[in-house]
Amino acid sequence: MAETRLSPDAAALAPLLQRFLPEGAVGSFVAGEILPGGGERLTLVNPADGLPLLDYADAGAAVVQAAMDAARPAQRAWWGMSAAARGRALWEVARLVRAEAEALARIETLSAGKPIRDTRGEVAKVAEMFEYYAGWADKLHGDVIPVPSSHLNYTRHEPLGTVVQITPWNAPLFTAGWQVAPALCAGNAVVLKPSELTPLTSLALAALCHRAEGIPRGLVSVLAGAGPSTGAAAVAHPETRLVVFVGSAEAGARIAAEAARNIVPSVLELGGKSANIVFADADLDRAILGAQAAVFGGAGQSCVAGSRLLVQRAVHGTVVERLAHAAARIPFGAPTDPATQIGPINNRRQLDRIAGMVRAAADAGARLATGGGCPEALRGTGGFYYAPTILDGVAPGALIAREEVFGPVLAVLPFDTEEEAVALANATPYGLAGAVWTQDVGRAHRVAAAVRAGTFWVNSYKTINVASPFGGFGRSGYGRSSGREALAAYTQTKSVWVETAASPAVAFGYVG
């Protein structure tokens, strides 16, 4: 690779990769093998020090074709198994994930910059995803419909075939499991294209699927490559029957349009500008803790981040002052340190975007209550660090109040009435999540019903589970990617008509 100085963490990463990938080689995982790409070299950079970890070649169309060729017979074999057998195979994937939990967490931390305390929890959730959908595998039954004729009419839920899934860099392993498990449960094959910045744990998950007894060779492939080349080739491939995309609204719109050219449906899990609403009667201690978790957890790199804090004017000053004091005390530092709660931003481009949006907000009149740059103690590390930042006095029409930052940046807006709070919450084209903090039960239910969002919390924030449907309204996308509802997106319904009459009525034609 062109760079001569590697990150010191590269040495720790290599033996971890060897647990999953043949000789630790990085490329695309197809039918149990690592296929080298044919495109330009892509470099993985350590977010904690800004130095390269390794590089690999962009997969390209030839590797996409190999993955599709492997998926076709694998999917047929998978669907030919009994539903109970598929469930047992998914349970085995979960067992293998749990067995390799620490190695998976460490790879995620080293390559994506996520604190180890977070990645350990996310690995456990990935195992839970496969366990949950293992239980659904033999419960996807149809209905018998009492039609007004002599026919027996029943429905079958059948897989689509091969689905393409494109996942982001903010939670690579979590989003991979979130998508792969329901797709396999419904009987499909998966071709997954993770972000070119963070492909490693997705490759490891594919390797574990390949090892699991009962999973056909080639059922799960992972493409290591860039979106405009490898991702585009997978979306446009004639074998693709569904496209699932997790990422920005702009990219999602382009991908959905490309899929639609081939009359292929899509599920879009996009961004958000979620409102976290605090009323004066709320338990302020809990609300202040919840506001920190909502936007500073994961360094704010979460689609459901509560990046707009709407505070009733009577407690606005108190909440901002206490929140600024608390945010400055959150443990910040190296992602490998178990005490770290906020690690680096994933990549330099995103760090620059965050800094630019904060500067623009300050120039537009917002007051910086805390943060606004790299913490003093971490300057000189080369890492992509950005301190928890609170902007007060933000105008509702300001860019920072309308557009997703995807970083540890909180915009605070005051309000007076319940009606005003709801109007502010809905003053965005996004509709992914939201929350309300109040001790008034009636108000809690009214606000939950009135705010346009796919997920809404009352006196809490950011809890999600694979059993509950997740997805957005409006610019935050469409379709649901968890719970029972996700299985509807991964299946197609067939209606079967069986004539049961001994002498059915003839409505047309003659017996020759």
Side-chain angles (χ1 to χ4, degrees), residues 115 118 271-332 341-343 354 357-358 361 366-372 386-394 396 398 400-402 404-416 418 420-422 424-428 430 432-440 443-444 447-448 451 453 455-464:
D118 293 345
K273 194 65 184 175
S274 301
N276 192 11
I277 307 169
V278 178
F279 282 91
D281 70 336
D283 180 333
L284 293 187
D285 288 347
R286 290 182 58 194
I288 288 168
L289 284 170
Q292 293 171 70
V295 70
F296 300 139
Q301 299 168 109
S302 168
C303 56
V304 298
S307 55
R308 290 186 297 151
L309 185 66
L310 313 184
V311 187
Q312 198 159 27
R313 202 174 302 274
V315 294
H316 169 260
T318 299
V319 168
V320 172
E321 181 180 357
R322 292 183 60 188
L323 191 55
H325 178 71
R329 298 171 59 196
I330 299 174
F332 202 106
Q341 293 188 19
I342 301 180
I354 293 166
M357 291 188 72
V358 171
R367 180 181 71 87
L368 190 66
T370 190
Y386 201 86
T389 298
I390 298 174
L391 294 163
D392 192 20
V394 174
I400 202 78
R402 293 184 289 107
E404 187 173 42
V405 179
F406 221 66
V409 179
L410 181 63
V412 183
L413 295 83
F415 69 88
D416 290 301
E418 179 181 321
E420 184 185 2
V422 170
L424 284 171
N426 287 335
T428 171
Y430 296 99
L432 191 57
V436 63
W437 300 81
T438 179
Q439 297 186 62
D440 184 329
R443 172 187 285 155
V447 174
V451 174
T455 298
F456 198 84
W457 296 278
V458 175
N459 293 330
S460 67
Y461 203 100
K462 223 175 188 180
T463 302
I464 62 173

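These figures come from a predicted structure and were not determined experimentally.
- Note that CG of D416 and NE2 of H316 are 11.0 Å apart. Values are rounded to the nearest 0.5 Å.
- How far CD1 of I277 is from CG of L310: 5.5 Å, rounded to the nearest 0.5 Å.
- A294 and N276 get closest at one heavy-atom pair: CB-ND2, 4.1 Å.
- Here I330 contributes atom CD1 and Q341 contributes atom CD; the two are 6.5 Å apart, rounded to the nearest 0.5 Å.
- No donor-acceptor distance shorter than 3.5 angstrom exists from the side chain of R367 to the backbone of L391, with no hydrogens or angles considered.
- For K462 (side chain) and G290 (main-chain N/O), no donor-acceptor pair under 3.5 Å exists by modelled atom type.
- Here the closest non-hydrogen pair linking A435 and Y461 is CB-CD1, 3.3 Å.
- Interatomic distance, Q439 CD to D281 CG, rounded to the nearest 0.5 Å: 6.0 Å.
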Intermediate values then yes/no, side chain to side chain contact (heavy atoms under 4.5 Å, CB included), V278 and V436 | CA-CA 6 Å; V278 178; V436 63; over 6 Å; no
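- Proximity of R313 to F415: side-chain heavy atoms (C-beta onward) are nowhere separated by under 4.5 Å.
- Counting heavy atoms from C-beta on, the side chains of V458 and V447 never come closer than 4.5 Å.
- Annotation: the span from E404 atom CD to R308 atom CZ amounts to 11.5 Å, rounded to 0.5 Å.
- For the pair V311/V412, a side-chain contact is recorded, criterion being any heavy-atom separation below 4.5 Å from C-beta on.
- Panel note: side chain E321, backbone T318; no donor-acceptor pair is recorded below 3.5 Å.
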Just do the side chain to side chain contact (heavy atoms under 4.5 Å, CB included) check on V409 and V295 with the steps written out, would you?
-> CA-CA 7 Å; V409 179; V295 70; 5.9 Å; no
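- Here the side chain of T389 pairs a donor or acceptor atom with the backbone of A387 at under 3.5 angstrom.
- Using a 4.5 Å heavy-atom cutoff, the side chains of F406 and S307 are not in contact.
- A distance of 6.5 Å separates CZ of F296 from CD1 of I342, quoted to the nearest 0.5 Å.
- Looking only at side-chain heavy atoms (C-beta outward), R402 and T428 stay at 4.5 Å or farther from each other.
- The shortest heavy-atom contact between A453 and G434 is CB-N, 4.3 Å.
- The two residues G343 and A299 come nearest to each other via the heavy atoms O-CB, 3.9 Å.
- When all heavy atoms of T370 and A328 are compared, the pair lying nearest together is OG1-CB, 4.0 Å.
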C303 and L432: side chain to side chain contact (heavy atoms under 4.5 Å, CB included), yes or no, with the steps?
-> CA-CA 8 Å; C303 56; L432 191 57; 3.6 Å; yes
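- Both the sub-6.0 Å distance and the 45° axial angle are satisfied by R443 relative to the ring of F279.
- Of the possible polar contacts, none joining the W437 side chain to the L284 backbone as a donor-acceptor pair under 3.5 Å is found.
- Looking at heavy atoms from C-beta onward, L309 lies in side-chain contact with L323 at the 4.5 angstrom threshold.
- When all heavy atoms of V320 and A369 are compared, the pair lying nearest together is CG1-CB, 4.2 Å.
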So N426 and V451, side chain to side chain contact (heavy atoms under 4.5 Å, CB included) or not? Walk me through it.
-> CA-CA 6 Å; N426 287 335; V451 174; 3.8 Å; yes
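- Not a single donor-acceptor pair under 3.5 Å links the side chain of S274 to the backbone N or O of G306.
- Looking at K273, its side chain never comes within 3.5 Å of a backbone N or O of A305 through a donor-acceptor pair.
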